[in-house]
Trainee: 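Take this structure first; my questions come after.
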Amino acid sequence: DAGITQSPRHKVTETGTPVTLRCHQTENHRYMYWYRQDPGHGLRLIHYSYGVKDTDKGEVSDGYSVSRSKTEDFLLTLESATSSQTSVYFCAISDSPRNYGYTFGSGTRLTVV
Amino acid sequence: AQTVTQSQPEMSVQEAETVTLSCTYDTSESDYYLFWYKQPPSRQMILVIRQEAYKQQNATENRFSVNFQKAAKSFSLKISDSQLGDAAMYFCAYRGGSQGNLIFGKGTKLSVKP
């Protein structure tokens, strides 16, 4: 395995509560990404990081924030969870900006009730 | 902005037969990379095959091959001798630009009939 783990694997939370998802890598890759997967939408980029404390927004960043204080950890926070954020969240890593695909974590299924 | 389109939400193939999944993309860049990912029911995203836009030769990985038509902006995936384990969601993806973030199509669900 590529050494990327996501936690938790499943989570149910209530509307309005903050939620943090964690992505941890042991590959020392520079680039890390958070995607969400929804039926009929494929995978859409939420936020990404190109180094420690260097992050930027993706296509669907509203309602989400991220932090990367160490190379190996990339946290995704839903500041106040809503039902529209019910989704499967994937973390991915890459050691190259362009010419290779990403390695993905196993995903977190988040349900907001 | 770049876009990736998979026009077949679902496909079905008989075991041992060949199936082709379609993908088109839109870009103004000349240097980019294209990928096919497989997502089985386990949810894991698995890289199947990649193609560099500057290479005219189509990529091949065992039973998986692509038909890359750069002028037409088409990148189809051919699966030969289909197996039950090929049943999965397949995503086409594009990577280019200064940051090179992966852009995905909406996916094609492939069923394999015994």
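Everything numeric in this text was worked out from a predicted model, so none of it was measured. Throughout, a chain's letter reflects where its sequence line sits, starting with A, and its residues are numbered from 1. Below, all heavy atoms of this structure are taken into account, side chains as well, without hydrogens, waters or symmetry copies.
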Trainee: Only one of A:H24, A:R68, A:Q25 passes side chain to side chain donor-acceptor pair (under 3.5 Å) with A:D73; say which it is.
Mentor: A:H24
Trainee: Considering only heavy atoms and a distance below 4.5 Å, find which of B:L47, B:L102, B:I103, B:I46 pairs most often with chain A.
Mentor: B:L102
Trainee: Heavy-atom pairs under 4.5 Å with chain A are the metric here; pick the option from B:R43, B:Q39, B:Q6 that has the most.
Mentor: B:R43
Trainee: Which of parallel (below 30°), tilted (30 to 60°) and perpendicular (above 60°) describes A:Y31 and A:Y33?
Mentor: parallel
Trainee: Compute the centroid of each ring, for B:F75 and then for B:Y25, and state whether the two points are separated by less than 6.0 Å.
Mentor: no
Trainee: Side chain, backbone, both or neither: which part of A:Q37 has an atom under 4.5 Å from a heavy atom of chain B?
Mentor: side chain
Trainee: Tell me, for A:L43 versus chain B, whether the close heavy atoms (under 4.5 Å) come from the side chain, the backbone, both or neither.
Mentor: both
Trainee: Check the side chains of B:T27 and B:Y32 for a donor-acceptor pair under 3.5 angstrom, ignoring hydrogens and angles.
Mentor: no
Trainee: Would you kindly say whether B:S76 and B:S22 are connected by a side-chain donor-acceptor distance under 3.5 Å?
Mentor: no
Trainee: Given a strict heavy-atom distance threshold of 4.5 Å, which part of A:R44 is in contact with chain B: side chain, backbone, both, or neither?
Mentor: neither
